[in-house]
There are 2 protein chains.
Amino acid sequence: MTTAAKPTFPAPGHDHDRCTADAITHAEQICAGRAQNFTPIRRQVLRALLSSHRPLGAYEVIDELARVMPRLAPITVYRALDFLMQNGLVHRIESRNAFLACAHDHDDAAAVAFLICESCGSVGEIPAAPVAQALNEAARLTGFAPKLSVVEITGICAHCQAAGQSLSA
Amino acid sequence: MTTAAKPTFPAPGHDHDRCTADAITHAEQICAGRAQNFTPIRRQVLRALLSSHRPLGAYEVIDELARVMPRLAPITVYRALDFLMQNGLVHRIESRNAFLACAHDHDDAAAVAFLICESCGSVGEIPAAPVAQALNEAARLTGFAPKLSVVEITGICAHCQAAGQSLSA
DNA sequence: CGAAATTCATAAGCTAGCTTACCTTATCGC
DNA sequence: GCGATAAGGTAAGCTAGCTTATGAATTTCG
């Protein structure tokens with residue numbers, strides 16, 4: 001299992017092709033296992049999101065894909081994104097109105113927190129189950145019935161700290 | 001001090017005028033203490049946000065204010081919102097692209113989590129300091145330097161649970 | 001008085017997120 | 001073959017979030 005050993009933030013010089021291929025393979029397996037149709041368009045959209053470890057807006061996905069195929073209509077991309085999100089292959093980053101390919105193989109219901117690097121724009125995931133539980137507990141104490149948690153932390157990732165915040169301007 | 005005793009979600013029949021007046025007074029004090037200019041427009045924008053315990057989009061603020069004064073240009077509202085946020089009087093709800101008048105009197109740096117009711121749209125704040133610390137700790141373990149945390153939990157507030165999710169459609 | 005800073009007005013515009021509506025195509029089971 | 005479902009194409013549009021640019025009005029302060 002290589003997936004379990006992946007770092008939160010992939011190093012700048014990591015083998016990204018491998019990284020992408022793994023994620024695509026994983027998506028294929030998930031879809032096959034659920035009798036879901038992993039169509040070319042859905043594959044392409046996922047591939048576009050995988051082209052970086054940054055979240056992309058829907059229109060960025062369109063632009064990215066327009067480089068290798070006829071330009072997709074917004075609705076088409078949104079349909080594909082919906083599909084990918086429903087199958088846990090893509091996350092929506094609320095604070096950015098953007099979408100991130102899930103590089104990890106976690107449970108659908110697993111609570112994750114996103115670490116968003118201000119400098120390079122990369123986003124890492126960390127498991128947030130214990131924290132989410134504590135939060136939900138605190139919420140329940142007020143009589144609130146929590147359903148979905150959004151935990152997004154902005155800051156500077158380790159690689160950019162080392163590099164000296166190059167993109168900070 | 002009444003502010004400390006406020007419930008997370010104000011009851012449907014609470015004294016909202018009082019609630020608004022308190023917040024305005026609080027804003028005046030904050031601004032006076034910092035030699036910040038609490039101008040009529042800023043006051044009005046804050047008042048608009050205080051008209052409910054729901055977050056409002058910038059355009060909703062404009063619409064709300066248009067009922068009692070000449071329609072403001074977007075830029076004007078954004079300037080006022082920036083000011084109010086800088087002074088901790090208004091929060092931005094990232095997952096909604098909307099703004100919420102801060103009904104509580106917490107520290108600028110205090111970590112808060114937002115509880116967003118799916119049914120009535122109200123938003124409550126709960127202190128999230130311990131949880132935020134745990135999160136930041138987990139983040140730091142990966143080498144990430146956290147700056148700002150967004151914790152937004154959607155669900156159903158106590159009042160709506162009691163009322164039977166009336167607005168759920 | 002006059003220069004600088006703050007605040008706001010006015011006008012215009014861009015983007016991009018997201019939707020509605022309708023139609024074609026392909027697949028699959030009956 | 002045929003109806004049902006799923007996937008996608010096409011066209012158009014709306015909203016609303018946010019910005020750029022410029023100039024007037026007011027205040028501050030030396």
Task: Value rounded to 0.5 Å, distance of CZ in B:Arg140 from CG in B:Leu135 - done: 10.5 Å
TODO: Hey, could you give me the CZ/OG1 distance between B:Phe144 and A:Thr8, rounded to the nearest 0.5 Å?
DONE: 10.0 Å
Task: Rounded interatomic separation in angstrom, taking CG from B:Asp82 and P from D:dT20 - done: 12 Å
For nucleotides 27-29 of chain C, which of its nitrogen or oxygen atoms have a protein nitrogen or oxygen under 3.5 Å away, and what is each distance?
none

Open item on the list: I want to check something: taking the side chain as every heavy atom from C-beta on, are B:Cys157 and B:Leu115 in contact at a cut-off of under 4.5 Å?
Closed with: no
TODO: Report, as a single string ordered 5' to 3', how protein heavy atoms within less than 4.0 Å touch nucleotides 6-11 of chain D: B base, S sugar-phosphate only, - not at all.
DONE: -SBBB-
Open item on the list: Are A:Ile116 and A:Val151 linked, directly or through intermediate hydrophobic residues, by side-chain heavy-atom contacts shorter than 4.5 Å (ILVMFWY only)?
Closed with: no
Open item on the list: I'd like to know if the side chain of A:Arg42 and the backbone of A:Asn37 have a donor-acceptor N/O pair within less than 3.5 Å.
Closed with: yes
- [ ] Spell out, yes or no, whether A:Val131 and A:Ile126 are grouped together once hydrophobic residues are joined by side-chain heavy atoms under 4.5 Å, including indirect joins.
- [x] yes
TODO: Nearest whole angstrom, please: distance from the C1' of D:dA16 to the OH of B:Tyr78.
DONE: 7 Å
Task: Those residues of residues 44-59 of chain A lying under 4.0 Å from DNA chain D by at least one heavy atom - done: none
Task: Separation of atom CZ in B:Arg96 from atom P in D:dG17, rounded to whole Å - done: 13 Å
Task: Distance in angstrom units between B:Arg43 CZ and C:dC8 P, rounded - done: 12 Å
TODO: Output the distance between atom CZ (A:Phe9) and atom OG1 (B:Thr142), rounded to the nearest 0.5 Å.
DONE: 6.0 Å
TODO: Keeping the roles fixed (side chain from A:Gln161, backbone from B:Gly143), state whether a donor-acceptor pair exists under 3.5 Å.
DONE: yes
TODO: Using whole Å, report how far CE of A:Met85 lies from C1' of C:dG17.
DONE: 12 Å
Task: Distance in angstrom units between B:Ile62 CD1 and D:dA16 P, rounded - done: 11 Å
Task: Check: B:Glu152 side chain, B:Glu94 main-chain N or O, donor-acceptor pair, under 3.5 Å - done: yes
Open item on the list: Base, sugar-phosphate or nothing for A:Arg92? Non-hydrogen atoms, less than 4.0 Å.
Closed with: sugar-phosphate
TODO: May I ask whether B:Ile75 and B:Ile62 are part of the same hydrophobic cluster, defined by side-chain heavy atoms of I, L, V, M, F, W, Y residues being less than 4.5 angstrom apart, directly or through others?
DONE: no
Open item on the list: When you group the ILVMFWY residues by side-chain heavy-atom contacts below 4.5 Å and let the links chain together, are B:Phe83 and B:Leu56 in the same group?
Closed with: yes
- [ ] For B:Glu60 and D:dC18, give me the distance from atom CD to atom C1', rounded to whole Å.
- [x] 16 Å
Task: Separation of atom CG in B:Asn97 from atom P in D:dT19, rounded to whole Å - done: 12 Å
